[in-house]
Structure formats: structure tokens, C-alpha cells
Amino acid sequence: MRLSRFYLPTLKEVPADAEVVSHKLLLRAGLIRQLTSGIYTYLPMGLRALNKVADIVRQEMDRAGAQEILMPMVQPAELWKETGRWEFYGKELLRFKDRKDSDYCLGPTHEEVVTNLVRGEVRSYRQLPLNLYQIQTKFRDEIRPRFGLMRGREFVMKDAYSFDRDEEGANKSYWNMYQAYAQIFRRLGLKFKAVEADSGAIGGSFSHEFMVLAATGEDTIATCQECEWAANLEKAAVICKVLPCTDNCSPFTVVDTPGAHTVEDVAKLLGVTTRKVIKTLLFDVDGQPVAALVRGDHELNEIKLKNHLHATDVRLASPEQVREWTGAPVGFAGPVDLKVRILADQDLCGDTGYVAGANQADKHLLNVSLSRDVEVEAYADLRTITHEDVCPRCGKGVNLTRGIEVGHVFKLGYKYSKAMHATFLDENGKDQTMVMGCYGIGVSRIIASAIEQNHDDGGIIFPPSIAPYEAALISLGKSGDAVNAKAAELYESLRAEGIEVLFDDREERPGVKFKDADLVGYPMQIVLGGKGLERGVVEAKDRRTGEKAELPLEDFTKAFKAWRDEIWAGWGLERP
């Protein structure tokens with residue numbers, strides 16, 4: 001393609017509403033344009049990158065034995081009501097009515113639809129295992145869509161669903177997809193980590209997230225300094241040497257703490273460390289009040305609390321609920337004489353003499369002993385892991401790094417197949433329920449993640465495997481001169497070899513062409529100028545390293561191919 005005829009509206013200025021690097025560069029490089037909040041149009045360059053990602057995903061899914069289908073984006077409410085998710089999923093599910101007043105939604109995921117499909121077609125164990133996937137547009141009505149393609153409302157996703165006869169088969173399907181995902185992200189040229197994860201609204205017995213490692217990532221992940229263990233903060237288990245709770249402290253006393261609403265304020269006022277202060281956090285759990293206690297220097301993990309209680313809905317109590325349950329304003333709640341269910345993090349056990357809220361405005365308690373003064377229902381791992389903790393698998397130190405979730409694999413078990421009666425006849429003619437798994441990849445999010453991981457002050461640095469074009473051929477000549485004529489000849493020779501090259505034949509200054517090439521992020525730049533033509537060489541630049549080479553004009557295509565192989569190898573990629 002010649003750039004003079006290509007729709008590539010680049011921007012010199014950073015858009016005011018763009019927050020993260022990928023959002024800024026996707027807009028500036030002319031890959032996307034916003035239609036409305038969280039919804040984007042893919043321009044030609046952006047669509048080429050999107051299709052590159054989708055092609056790699058499709059190839060590896062096919063290689064793993066999955067079969068591609070395409071399901072409707074519009075889904076009837078009846079299917080979601082069968083599984084109970086019509087009410088449970090929340091406001092992210094965009095619901096609407098058709099002209100017949102029937103309820104529908106725009107699909108954020110397709111567990112119900114694919115289960116409905118399979119239960120109507122699969123009758124015998126001989127038809128299993130089965131793995132169906134699609135690459136399709138999804139919609140989730142995010143309350144705060146932001147960061148461009150990182151968290152939009154409309155997005156492109158690959159979702160796959162496996163159906164097996166038994167747990168053994170389901171495990172094989174799960175790990176087959178896990179390995180396929182690892183190969184996909186290797187081929188995409190991304191630095192990634194597979195981490196243990198919470199299953200969230202999808203459900204299921206266990207899952208892994210695939211995280212692209214990037215300093216600007218939304219998520220924090222914990223990784224072991226020695227072994228292969230890794231988990232997101234929602235799932236990372238905290239190892240604690242739980243000691244018997246003791247009460248060897250003086251009786252508690254009430255002290256004045258005017259205006260001390262935070263742990264830090266209380267600790268400073270009373271001259272104690274934050275680890276000696278109990279944070280009493282109140283939640284509305286499926287309509288019932290629950291208090292969760294953690295040390296003042298730790299953070300409560302709401303997902304762990306939710307999972308421990310096997311709850312459906314966990315919400316931080318409102319100021320009105322706090323006053324109703326404790327008799328005090330926010331900031332002064334405490335566990336002593338609190339008439340609600342009380343759970344405590346395991347780290348609170350084994351020590352005593354704590355400071356806690358007195359359930360009175362501007363007052364706290366000194367010398368609180370949980371074993372003596374509080375009716376704790378259970379001690380459990382309820383907090384978020386920190387860099388001071390150890391790996392739950394090998395006991396070595398942990399690192400906390402940032403990442404972007406780009407893939408998630410779930411072992412669903414019987415969650416959907418049982419609710420929707422997806423059964424088959426086994427070898428003995430008896431009805432059995434299918435065991436399911438589901439596997440998602442954020443195809444459009446991968447583009448943003450690749451940019452977050454690969455960019456510099458000049459712009460995007462695309463991995464060759466997903467770059468819209470492998471190379472940009474930049475002519476420094478003018479229309480009708482020998483340089484432009486030779487550049488056009490090189491362009492045609494590269495195209496004849498099946499090499500994806502964009503020919504910048506515009507009547508622009510060299511500086512404009514160089515800046516645009518860096519901005520868009522072509523992995524390879526080929527520059528032909530008058531001096532090079534005289535010397536019989538073409539300048540070639542590796543966008544990732546900035547290193548330059550001179551390739552001979554004579555038998556140029558052969559020389560370029562050899563140099564191109566070196567660029568791919570530098571990324572750790574095998575050229576297809």
C-alpha cells in the first residue's frame with residue numbers, strides 16, 4: 001500500500017482525554033477514533049493490527065482442536081434466567097426490550113448461549129469432548145470506561161467453551177487451553193505471566209489469568225522470587241503462622257480520640273504502631289451485616305471475604321448502615337459488643353492489647369483482646385498479600401509487579417450445564433451432566449497491552465507478528481526523480497515476495513516521514529535517499545533497538561529477508 005492513498009490521520013498533539021500511553025498512541029497514530037464513551041472505530045491501520053492478533057489466536061485454537069463458530073451478540077433473557085445471572089450479573093449487562101416487549105441483552109459472554117446450543121445437539125458420550133470458540137464483539141456497560149481499548153464498553157474477544165464427559169477430561173481440556181494460550185502470547189511477542197486467579201462472575205472451581213507485564217498495568221500480581229508460583233491479589237494466599245489467641249493484657253479502657261477517623265490518625269494520637277490498631281470494616285453481605293477485622297497495616301481483600309462467606313453480593317456499608325449497626329459515625333466502629341457476624345484476619349490471632357473503635361463518636365478502646373472481648377466467628381485469610389509475605393508454595397520471598405489481564409481460563413465444572421440440563425448418555429445409557437470450561441482472550445485489549453509494553457518517546461514499537469505492516473519504505477526523493485523511481489521498484493519487489501510493506505511516497509519533508517514511521521511503530525524502516533542511491537545502499541532501521549544497517553541495492557530483496565529474520569529473532573519470534 002502507498003501511504004499517499006492510505007487513510008492514516010495521525011495527530012501531533014496528545015488528546016486531552018487520553019490517560020494511558022496506549023490510548024494516547026492509538027489515537028495519535030491514527031489506529032482508532034472514539035465514537036462515544038468506551039466505543040471506538042478501528043481505522044485501517046488499527047484493523048490490520050486487530051486482524052493480525054485474531055489470526056494468531058485462531059491458528060492456535062484450531063491447532064489445539066477447538067472449532068470456530070459464531071454466536072449472536074443479542075441474547076434472550078430466558079437463557080440468563082435459567083442460570084440466575086439475569087439478576088446477578090449487575091448493571092454491566094445491557095438489557096433491553098424488543099417490539100414484542102421481550103427481554104434481551106447484549107452479550108458480554110456466551111456461556112448460556114453455547115450451553116443451549118450443545119444441549120440441543122449433543123446426545124452421546126461419543127460426541128465428547130467438544131470445544132467451540134468464536135471471535136466476536138462483546139458489550140459490557142462499564143460504569144467508568146477508560147484507558148481506550150484497555151477498558152472499553154464494546155470490545156473484540158475470543159471466547160471458547162469446552163464440554164467433557166468427566167472431571168478427568170475437563171482437566172485435560174483446561175490444560176490444553178492453558179498451553180495454547182501460552183503459545184499464543186509467545187507468538188504475539190509479549191512478556192507475560194500466567195497467574196492463579198479468582199473466577200469472579202463467570203464462576204467455576206479454579207482459573208488462571210494471563211497477564212502482560214507492564215509498569216502501567218491496572219492489576220498487581222504476586223510472583224515468587226524462586227519458584228513458578230504467581231497469583232493476582234484477589235487469589236494470592238497469605239501464609240501466616242497462626243498462634244493461639246491470648247488475653248494477657250489489662251482490661252480495655254475507653255479513650256478520647258477527637259477527629260481521629262483513620263488508622264494513621266489513631267496510631268499517631270495514641271502513640272502506637274498501625275499494626276496494633278484493628279480496622280473494623282462493615283459490609284452488607286447478601287442483605288446481612290458482617291464485620292471484617294484486619295490489622296491496621298494491612299488491607300482487607302473483599303474477594304477473599306466474599307469467597308469465604310460463599311456470598312453473592314458484598315458491598316461496603318453505607319454511612320447510614322454504619323451508624324445503624326454501631327451507633328457511631330464512620331471511623332469509630334469496633335468489634336467489642338458489636339451485634340453482627342464478625343470475621344477476623346488470621347494475622348490478628350496470637351497477639352493482644354489492640355486499639356479498636358469504641359462504637360462511639362470520637363472514642364476508641366485500648367487493650368482489646370479478641371479472644372476475651374469479642375465473639376469472632378472465624379479467623380481466615382482475608383487480607384491482601386504484601387511484599388513482606390512469603391510464597392505459599394515454597395516459602396521464599398514474593399515480588400509485586402504490575403500487569404494487564406489479556407486472557408483468562410476457567411474450569412467451570414457443572415455451574416452452567418447443571419442449571420441448563422446439558423446432559424448426555426454414557427456408555428451404560430445413563431444420563432450424565434457435561435463438565436465445562438471456558439477460555440477468553442481480549443483480542444482488542446492485546447493491541448493496547450502490546451503498546452503499553454512496547455513504546456518509547458517516539459511512539460509505538462509493534463512486535464513484528466502483530467504490526468499492521470512489517471516494514472515502512474520511506475522515499476526521500478520527489479515525484480518523478482530517480483530516488484522515487486527506485487523506491488517504487490523496491491516496493492514492488494518486496495510485495496512480490498509477499499512482504500507486508502507500506503510505501504511512504506508522500507510529498508512530505510523527511511522529518512515528517514521519520515516521525516510518522518516511529519509513531520505508528522513499524523518494526524522495520526527502509527530509507528532510500530539520494531546519497532544511498534549513489535552508493536548503491538539502502539538504510540534499514542530496527543525500530544525496537546534503533547540500530548541501523550546498510551543493505552545493498554543489488555539483490556536487495558534477498559538482503560532484506562536475511563536482515564528481517566534477525567529482527568524477528570531479536571524479538572524471540574519465529575517468522576511464519
Problem set entry | Exam field: side chain Gln127 to backbone Arg123, donor-acceptor pair closer than 3.5 Å | yes
Exercise. Are there more than 12 heavy atoms of other residues, nucleotides or ligands under 6.0 Å from atom CD of Glu375?
Worked result: no
For this session: Measure across Ser37 and Pro145 and return the closest heavy-atom pair with its distance rounded to 0.1 Å.
Result: OG-CG, 3.1 Å
Problem set entry | Under 3.5 Å side-chain donor-acceptor pair for Asn399 and Thr223 | no
Exercise. Does Gln75 use its side chain to pair, donor to acceptor, with the backbone of Thr109 at less than 3.5 Å?
Worked result: yes
Problem set entry | Close side-chain approach of Met150 and Ser22, heavy atoms under 4.5 Å | yes
Exercise. Any salt bridge between Glu167 and Lys411, counting N to O under 4.0 Å?
Worked result: yes
Exercise. Is a side-chain donor or acceptor of Arg445 paired with a backbone partner of Met157 at a separation under 3.5 angstrom?
Worked result: no
For this session: Please state whether the rings of His208 and Tyr174 are parallel, tilted or perpendicular, taking 30° and 60° as the class boundaries.
Result: tilted
Exercise. Can you tell me if Ser207 and His408 form a side-chain donor-acceptor pair at under 3.5 Å?
Worked result: yes
Exercise. Is His23 reaching over with its side chain to a backbone N or O of Ala448, donor-acceptor style, under 3.5 angstrom?
Worked result: no
Problem set entry | Glu574 atom CD: more than 12 heavy-atom contacts under 6.0 Å | no
Problem set entry | Side-chain heavy atoms of Pro129 within contact of Ser162, under 4.5 Å | no
For this session: Ignoring hydrogens and angles, state whether a donor on the side chain of Glu320 or Trp325 is under 3.5 Å from an acceptor on the partner side chain.
Result: no
For this session: Supply the atom-to-atom distance Ile342 CD1 to Thr280 OG1, rounded to the nearest 0.5 angstrom.
Result: 8.0 Å
Exercise. Is a salt bridge present between Asp141 and Lys91, judged by a nitrogen-to-oxygen distance below 4.0 Å?
Worked result: no
Exercise. Thinking salt bridges, do Glu405 and Arg151 make one under a 4.0 Å N-O criterion?
Worked result: no
Problem set entry | Within 6.0 Å of NZ in Lys81, more than 12 heavy atoms from elsewhere | yes
Problem set entry | Exceeds 12 heavy-atom contacts within 6.0 angstrom, atom CD of Glu87 | yes
For this session: Take atom NZ of Lys418 as the centre, draw a 6.0 Å sphere, and report whether it contains more than 12 heavy atoms from other residues, nucleotides or ligands.
Result: no
Exercise. Does the side chain to side chain contact (heavy atoms under 4.5 Å, CB included) test come out yes or no for Asp313 and Val285, once each step is laid out?
Worked result: CA-CA 6 Å; Asp313 187 35; Val285 179; over 6 Å; no
For this session: May I have the step-by-step check of side chain to side chain contact (heavy atoms under 4.5 Å, CB included) for Met436 and Tyr414, ending in yes or no?
Result: CA-CA 6 Å; Met436 290 179 59; Tyr414 301 97; over 6 Å; no
Problem set entry | Residue pair Gln346 / Cys240, side-chain heavy-atom distance below 4.5 Å | yes
Exercise. Heavy atoms, side chains only, cut-off 4.5 Å: are Leu370 and Leu293 in contact?
Worked result: yes
Exercise. Does Lys138 come within less than 4.0 Å of Asp159, counting only side-chain N to carboxylate O?
Worked result: yes
Problem set entry | salt_bridge(Asp297, Arg295) N-O dist < 4.0 Å | yes
For this session: Keeping the roles fixed (side chain from Glu209, backbone from Asn232), state whether a donor-acceptor pair exists under 3.5 Å.
Result: no
Problem set entry | Over-ring placement of Arg95 relative to Trp86, 6.0 Å and 45° cut-offs | yes
Exercise. Charged N to carboxylate O under 4.0 angstrom, Asp103 versus Lys97?
Worked result: yes
Problem set entry | Heavy-atom pair with the smallest gap, counting every atom of Val21 and Glu452 | N-OE2, 3.4 Å
Problem set entry | Test side chain to side chain contact (heavy atoms under 4.5 Å, CB included) applied to Asn301 and Val238, step by step | CA-CA 11 Å; Asn301 189 312; Val238 174; over 6 Å; no
Exercise. Can you tell me how far CG of Leu190 sits from CD1 of Ile446, rounded to the nearest 0.5 angstrom?
Worked result: 7.0 Å
Exercise. Does the distance from a Lys or Arg side-chain N to an Asp or Glu carboxylate O, for Lys158 and Glu60, drop under 4.0 Å?
Worked result: no
Exercise. Between Lys415 and Glu111, does a salt bridge (charged side-chain N to carboxylate O under 4.0 Å, His left out) hold up when you go through it step by step?
Worked result: CA-CA 10 Å; Lys415 177 180 173 67; Glu111 284 80 11; over 6 Å; no
For this session: Output yes when a side-chain donor or acceptor of Asp166 lies under 3.5 Å from a complementary backbone atom of Gly169, and no otherwise.
Result: yes
For this session: Output yes when Arg58 and Glu68 qualify as a salt bridge under the 4.0 Å nitrogen-oxygen rule, no when they do not.
Result: yes
Exercise. Do Glu112 and Thr83 have side-chain atoms, one donor and one acceptor, less than 3.5 Å apart?
Worked result: yes
Exercise. Is there a donor-acceptor contact under 3.5 Å linking the side chains of Tyr416 and Arg85?
Worked result: yes
Exercise. Is it true that Arg383 and Asp389 make a salt bridge, defined as a side-chain N closer than 4.0 Å to a carboxylate O?
Worked result: yes
Problem set entry | Exceeds 12 heavy-atom contacts within 6.0 angstrom, atom CZ of Arg315 | no
Exercise. Are the charged groups of Glu377 and Arg341 less than 4.0 angstrom apart, N to O?
Worked result: yes
Problem set entry | Check: Ile69 and Tyr133 side chains under 4.5 Å, non-hydrogen atoms | no
Exercise. Looking at Thr220, Thr216, Asp219, which one forms a side-chain hydrogen bond (donor to acceptor under 3.5 Å, both in side chains) with Arg402?
Worked result: Thr220
For this session: Flag the pair Val290 / Val340 as yes when at least one side-chain heavy-atom distance between them is below 4.5 Å, and no otherwise.
Result: no
For this session: For the residue pair Phe155 and Thr137, establish whether any side-chain heavy-atom pair is separated by less than 4.5 Å.
Result: no
Exercise. Looking at CG of Leu573 and CZ of Arg575, how far apart are the two atoms once the value is rounded to the nearest 0.5 Å?
Worked result: 11.5 Å
For this session: State whether the side chain of Asp286 and the backbone N or O of Thr312 hold a donor-acceptor pair below 3.5 Å, judged by distance alone.
Result: yes
Problem set entry | Expected output: side-chain Gln67 to main-chain Asp62 donor-acceptor under 3.5 Å | no
Exercise. Are any of the side-chain nitrogens in Arg564 or Glu470 under 4.0 Å away from the carboxylate oxygens of its partner?
Worked result: yes
For this session: Using the six-membered ring wherever Trp is involved, compare the ring planes of Phe185 and Tyr181 and label them parallel, tilted or perpendicular (cut-offs 30° and 60°).
Result: perpendicular
Exercise. So, Arg544 side chain and Gly570 main chain: donor-acceptor pair closer than 3.5 Å or not?
Worked result: yes
For this session: Could you check if a side-chain atom of Leu43 sits within less than 4.5 angstrom of a side-chain atom of Ile32, using non-hydrogen atoms only?
Result: no
Exercise. Does Asn428 use its side chain to pair, donor to acceptor, with the backbone of Lys430 at less than 3.5 Å?
Worked result: no
For this session: Any chance you could lay out the salt bridge (charged side-chain N to carboxylate O under 4.0 Å, His left out) test for Arg48 and Glu500, step after step, and finish with the verdict?
Result: CA-CA 11 Å; Arg48 286 185 66 89; Glu500 295 181 331; 3.5 Å; yes
Exercise. Should the heavy atoms of other residues, nucleotides or ligands under 6.0 Å from CD of Glu82 be counted, would the total exceed 12?
Worked result: yes
